[in-house]
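Below you'll find the structure, written out as structure tokens, and then a few comments.
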Amino acid sequence: MNVFRFEFKQLFKSTLSWSLALALVVIIFMSFYPVYYEQIAIMKPLFDNLPELLLKSLGVNVDTLFTGLGFYSFILMYVQLIAAMQGMMIGLGIVGKEVRLKMNDFILTKPMTRSSILIQKSLAIFSHILITWTLLSILSYVMLTTVETTDLKFNIFLLFTFSTLLLQVMFASLGILTAVLLRKLKSVVGVSMSVVFTLFVMNLMQAILDEPWLRYFSPFQWFEKSYIFYNSSYEWPMLAMCALVTIGSCVGAYVVYTHKDIHAV
Amino acid sequence: MAVIETKKLTKYYGKSRGIIDVDLSIEEGEIFGFIGPNGAGKSTTIRLLLALIHPTSGSATIFGKDVITHAKEIHQEIGYLPSEVFYYDNMKVKDLLNYSASFYKKDCSKRIKELAARLDLDLNKKIDDLSYGNKKKVGIVQGLLHSPKLILLDEPTSGLDPLMQNIFFDILAEENKRGATVLFSSHILSEVQKLCDRVAIIKDGKIVKIDSVQNMKEEAYLKVGFETKVPFDVSTLGLGKLNELTQNGLDVSFIYKGDINLLMKKLASLDLIRVNVHEAELEEIFLHYYQKEA
């Protein structure tokens, strides 16, 4: 398990930064909530007058916005964007490390099977995602119970926060797959940003075009907040899509990595 | 027992040629040189042996085991030094070496210290701060720290100063004495001549000759050069086909292989100003292999 230990140790700094970024978003936004709730009489008509398209693309649902959880579901969109970015970046960064640094010759001539290397690296990635997500969930819960004036629906909160984990894992798998497909990798940030933001913009596309099938290709809409809010459950087809992409990416990465030719650099 | 054995080993990169039908058999304890210009297929062969790439056809075994299916076991006993070395950023030399050592089932700390001292390498420095030559030294220690039974070197001397090259060759010779087999690829013939027992010459992906360094030199390839008083036609000499024949006015030079007495008789019949006959360097023999079919 030396590769796991090596990568796990190296990831702590990155996890600390990502956790801090997520914590800041949650703390700052959630501390606005009490002020904003007090102004409900002024704020609500304001939102009612905004065009629906804008609200939809911002992830705002006016009906639920004035509850703690509803407000949390609004900021969740940005939390999930950051979390997805983390997933993609560490997936790509850890598995693509030897590609970026031209070190495949180093690690692949060691007495370890390729599958073992990939599995140990993936374990390090998913462990750090789990650490970040756990911290995020605890903090979110604490903030919510602090500001929520009515009873907090715990099961809905769980569905919300768990959807963040599912997205993180999905994006990490996508990062891993991307890493094994690339022959050269100059910038982890560059590649991650383009993938994550392209998929984030699908949100907007879907809002404008209003084609239901587009949602399948828009990960940030797989876990529709208002659906979860009213139905206390995920939409099964979307959950299946998430599972399909995640498992597909992992299996694909495994097959490619264990069979590919490593060319001289 | 053959440590490395390849049978009709072939690799194509798509349609472009890597190597074709390479048959090699390298015995335990040998220092084997692998010679050819850039692009001839040296690295391809070594990368196939290391299972970094997969053969298109043919097979290769190391220690009697298939290089692809038994890669993990084989790598336990292999040390590899690529021509260019790269490392993780922001790491100290000793951390990198310890990480490298952590893959092997033995304690390598003593050997790391020995080798570092030998090569004058500071283990506490950051790798990013090292010069290219020093990074190369990290590569040497990294490749040898587990006292491997087989050492694969792909043009290993680039970036090493002559003094370090000598130390490096001494270390290789010692490893060889300890029992390690060495496969050494290079396009610099003098280093192969210095170190190796046998050499294989590769050209356009095919092995053109395998022989001992001694034999190659003993096969009496002679570099002949002379100057005559009056112009004459070299083909009238009657020495058969001459390799690398150059005639520049009255100056003539060629590489000769054959009966030395005949050569002397023929030369004696000429009106000479100057003559120079010496044993051809491997370099010159080698050029001859390359030009033969050209």
Side-chain angles (χ1 to χ4, degrees), chain A residues 1-14 16-17 89-90 92-121 124 179-180 182-189 255-265, chain B residues 11-14 18 38-39 42-44 46-56 67-91 95-106 127-128 138-139 142-143 146 148 150 152 154-155:
Chain A
M1 290 299 274
N2 59 331
V3 173
F4 171 77
R5 275 197 303 275
F6 178 77
E7 301 293 1
F8 189 80
K9 235 172 95 184
Q10 292 221 325
L11 268 174
F12 268 112
K13 249 190 208 165
S14 132
L16 188 72
S17 324
M89 271 184 69
I90 65 175
L92 182 63
I94 296 301
V95 175
K97 191 184 274 180
E98 281 79 13
V99 178
R100 180 171 64 85
L101 297 167
K102 306 179 178 179
M103 285 192 67
N104 267 324
D105 281 14
F106 171 87
I107 196 145
L108 294 178
T109 54
K110 295 281 180 272
M112 186 175 276
T113 58
R114 290 191 187 187
S115 61
S116 177
I117 292 170
L118 187 65
I119 289 168
Q120 291 192 36
K121 278 177 173 262
V180 303
L182 291 176
R183 267 184 76 166
K184 270 192 189 135
L185 175 59
K186 283 225 172 90
S187 157
V188 174
V189 184
V255 172
V256 173
Y257 191 71
T258 48
H259 289 86
K260 76 169 174 174
D261 275 359
I262 307 296
H263 297 285
V265 285
Chain B
K11 175 71 183 177
Y12 277 91
Y13 300 104
N38 296 327
K42 302 186 298 288
S43 293
T44 297
I46 290 183
R47 300 181 81 75
L48 281 165
L49 292 174
L50 285 163
L52 287 170
I53 53 178
H54 301 74
T56 307
V67 292
I68 302 288
T69 55
H70 292 77
K72 182 183 164 185
E73 295 157 65
I74 294 170
H75 291 180
Q76 192 70 240
E77 295 296 346
I78 283 190
Y80 168 57
L81 178 60
S83 49
E84 275 191 84
V85 289
F86 299 97
Y87 294 111
Y88 297 112
D89 28 38
N90 217 3
M91 241 178 142
D95 296 331
L96 186 275
L97 292 176
N98 287 337
Y99 181 46
S100 187
S102 71
F103 285 88
Y104 302 98
K105 291 180 199 143
K106 49 180 124 177
I127 296 179
D128 298 335
V138 178
Q142 195 268 119
H146 54 296
L150 172 64
L152 297 178
D154 193 0
E155 311 216 353

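Residue numbers start from 1 in every chain, and the chains themselves are labelled A, B, ... in the order their sequence lines are given, proteins ahead of strands.
Both the backbone and the side chain of Asp89(B) come within less than 4.5 Å of a heavy atom of chain A. In this structure, chain A has heavy atoms under 4.5 Å from both the backbone and the side chain of Ser102(B). Looking at Ser83(B), there are no atoms closer than 4.5 Å to chain A (heavy atoms on both sides), in backbone or side chain. Interface remark: Arg100(A) contributes side-chain atoms only to the contact with chain B (heavy atom separation under 4.5 Å). For chain B, the nearby part of Lys97(A) is the side chain; its heavy atoms alone come within less than 4.5 Å.
Contact record, Pro111(A) with Lys72(B): CB-O, 3.4 Å, taken as the closest heavy-atom pair. Scanning both residues, His54(B) and His259(A), for their nearest heavy atoms gives CE1-O, 3.1 Å.
Aromatic ring pairs are classed by plane angle as parallel below 30°, tilted from 30° to 60° and perpendicular above 60°; the pair Phe106(A) and Phe103(B) is perpendicular.
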- Query: Given Asp261(A) and Arg47(B), is the salt bridge (Lys or Arg N to Asp or Glu O under 4.0 Å) satisfied, shown in steps?
  - Reply: CA-CA 9 Å; Asp261(A) 275 359; Arg47(B) 300 181 81 75; over 6 Å; no
- Step by step, would you call Leu52(B) with Asn104(A) a side chain to side chain contact (heavy atoms under 4.5 Å, CB included)? CA-CA 9 Å; Leu52(B) 287 170; Asn104(A) 267 324; 5.7 Å; no
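In this structure, Tyr99(B) OH and Lys9(A) NZ are separated by 11.5 Å, a value rounded to the nearest 0.5 Å. To the nearest 0.5 Å, atoms OH (Tyr80(B)) and CG (Leu108(A)) are separated by 11.0 Å. If you take OG1 on Thr109(A) and CG on Leu81(B), they are separated by 10.5 Å, rounding to the nearest 0.5 Å. Atom CG of Leu96(B) sits about 7.5 Å away from atom CZ of Phe6(A), to the nearest 0.5 Å.
Under the 3.5 Å distance criterion, with hydrogens and angles disregarded, no donor-acceptor pair is assigned to the side chains of Gln10(A) and Tyr88(B).
Residues Lys110(A) and Ser100(B) form a side-chain contact, since some pair of their non-hydrogen atoms from C-beta on lies under 4.5 Å apart. Glu98(A) places none of its side-chain heavy atoms less than 4.5 Å from the side chain of Phe86(B).
Most heavy-atom pairs under 4.5 Å with chain B, from the set Lys102(A), Met103(A), Arg5(A): that is Met103(A). Ranked by non-hydrogen atom pairs under 4.5 Å with chain A, the options Gln142(B), His75(B), Glu77(B), Lys105(B) are led by His75(B).
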